[in-house]
Amino acid sequence: MTVMTQAPARPQSGSTFESLNPATGEVVGTHPVQTEEEVRAAVARARGEAAWWDGLGFDGRKKHLNAWKTLMTQRLPELAELVSQEMGKPAADAMLEAALAVDHIAWAAGHAKKVLGRRKVSSGLLMVNQSASVAFKPLGVVGVIGPWNYPVFTPMGSIAYALAAGNAVVFKPSEYTPGVGGWLVQTFHEAVGRPVLQLVTGLGETGSFLCRAGVDKLAFTGSTATGKKVMAACAETLTPVVIEAGGKDSVIVDADADVEAAADAALWGACSNAGQTCIGVERVYVHEKVYDEFVSTILAKASGLEAAEGAKIGPITMPSQVGVIRSHVQDALDRGGRALLGGVDAVGDRFVQPTILVDVPEDSLAVQEETFGPTLTIAKVRTMDEAVEKTNATRYGLGNTVFSKANGMAIAERVRSGMTAVNGVITFAGIPSLPFGGVGDSGFGRIHGPEGLKEFTYAKAIARQKFKPMINLTSFERTEKADKQLVQVLGLLHGRGKKK
Ligand code: NAD
């Protein structure tokens with residue numbers, strides 16, 4: 001057994017790197033750091049497969065994707081164990097993550113034909129002699145760069161939808177979870193028998209090679225800072241990008257809320273996955289009428305909750321994140337905040353204990369920046385307007401949660417975020433028909449749902465002439481009479497409204 005106490009020195013491309021168990025430091029696996037040539041070769045192999053995969057049509061691809069889904073489901077415990085070893089979350093949480101990912105494969109495979117297949121659209125009165133239709137065609141080869149925090153669920157939001165739309169995919173998993181990435185690609189090969197899904201492993205540099213390797217679109221999930229680098233690299237070749245980046249989600253608790261349920265959701269949303277969730281809860285805004293009740297309820301629920309090996313909260317996966325979490329807690333305390341639970345001492349070398357902060361200024365790091373640990377700020381607000389205003393006052397806009405009996409929908413509509421859960425937490429991520437993605441520094445583009453399928457396609461419009469036009473507009477033989485007729489028709493169609 002090899003035990004490492006620190007992150008390994010950064011290896012060079014062409015060599016190998018190790019993935020480590022973040023709870024123990026044990027080596028889980030060794031993987032190649034792939035070179036630019038190797039990444040280009042993987043893209044070329046994928047391109048060779050893309051025509052076959054596209055040629056299968058929606059029904060053929062659905063059969064193969066369902067075979068993959070079935071194989072994954074049969075081997076779910078093995079996958080959950082690997083996720084748990086490489087990134088540290090409890091195996092039961094890994095199982096939940098993988099189960100949701102499987103459900104997404106099924107949805108994408110089952111709905112691609114209806115969402116993307118050719119359909120007729122109105123040709124309008126001016127072009128009544130035309131039959132108009134639109135279909136959504138695969139782009140070719142899609143590059144997917146993934147993070148480590150949900151190493152199955154997150155990249156699958158791009159991989160499954162890109163594949164169902166008819167693309168081949170080259171997947172670069174995070175350097176913290178390359179074994180999980182390898183497992184996904186290996187099971188795809190076993191189920192489908194063709195390397196339509198390719199794997200490349202390595203560190204950030206290998207990801208940057210993928211951005212420049214001639215893929216037709218790059219779907220990135222990770223931090224906002226890396227997202228900017230990915231976009232800059234892709235801009236060199238006008239490669240379009242999807243950016244799924246960080247967040248700073250809030251829970252808003254109204255005066256009429258089920259406080260018990262809200263406290264439960266806020267605690268789980270903040271501390272599950274050791275707080276390492278892009279749509280995790282990092283802030284709570286509670287109506288003054290239920291503030292005291294909310295605080296006492298969440299503290300009671302948090303007592304006994306512990307981060308440790310084998311506990312409900314696992315380790316912090318990336319050693320460098322521990323320093324970020326500590327700095328956010330320290331900054332909050334230095335600026336007048338109080339820790340009702342945890343605090344700076346709760347931030348250990350590998351594990352961070354649940355930390356609940358109050359009286360934290362709104363412009364402090366713990367309120368504005370992604371902490372990515374099992375920490376939470378709670379603030380009292382006088383109105384829901386104030387809660388919405390404060391929620392919207394960060395550069396992020398990924399998800400959020402609202403607890404209110406009467407006004408949940410109205411409050412949700414005003415939050416500037418890609419998704420909101422009302423009287424539940426993170427529920428939108430498990431609904432495959434809902435699009436997932438952010439605004440602002442949380443990125444752009446959508447995975448999941450019909451929008452997620454369309455994201456990996458281009459729209460192909462066709463206008464087919466059904467009969468000769470009454471007025472031929474697209475010819476040099478167009479007459480003066482035809483021009484007059486056009487003006488008359490236009491007057492009838494659009495000229496009869498009231499002038500302002
Ligand atoms: P990260 O940005 O450090 O790395 C993400 C991926 O990018 C890794 O595979 C990494 O190797 C690769 N990479 C690094 N440098 C690169 C470069 N220059 N060019 C190309 N690729 C490069 O992020 P992380 O620490 O793995 O993940 C955590 C972050 O991901 C958090 O900010 C979290 O909020 C975010 N996240 C967002 C979503 C979402 O759907 N919006 C989902 C999960 C995680």
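We count ligands from 1, going down the list as the structure has it; atoms in each ligand are counted the same way. Positions are given from 1, in the same order as the sequence printed here.
- Ring orientation note: the planes of Phe17 and His31 are tilted relative to one another, at an angle of 30° to 60°.
- For residues 231-252, every residue pair satisfying the salt bridge (charged side-chain N to carboxylate O under 4.0 Å, His left out) rule, not counting sequence neighbours, is listed here: Arg212-Glu236, Lys248-Glu282.
- Residues satisfying the salt bridge (charged side-chain N to carboxylate O under 4.0 Å, His left out) test with Asp216, not counting sequence neighbours, are Arg47.
- A salt bridge is absent between Lys454 and Glu451: the closest approach of a Lys/Arg side-chain nitrogen to an acidic carboxylate oxygen does not fall below 4.0 angstrom.
- With sequence neighbours left out, the ring-ring contact (aromatic ring centres under 6.0 Å, His included) criterion links His328 to no other residue.
- In this structure, ligand 1 sits under 4.0 Å from heavy atoms belonging to Ile145, Gly146, Pro147, Trp148, Asn149, Thr154, Lys172, Pro173, Ser174, Glu175, Leu203, Gly204, Gly207, Ser208, Phe220, Thr221, Gly222, Ser223, Thr226, Lys229, Val230, Glu244, Ala245, Gly246, Cys278, Met318, Glu370, Phe372, Leu398, Phe436.
- Here Trp148 contributes atom CH2 and Thr221 contributes atom OG1; the two are 13.0 Å apart, rounded to the nearest 0.5 Å.
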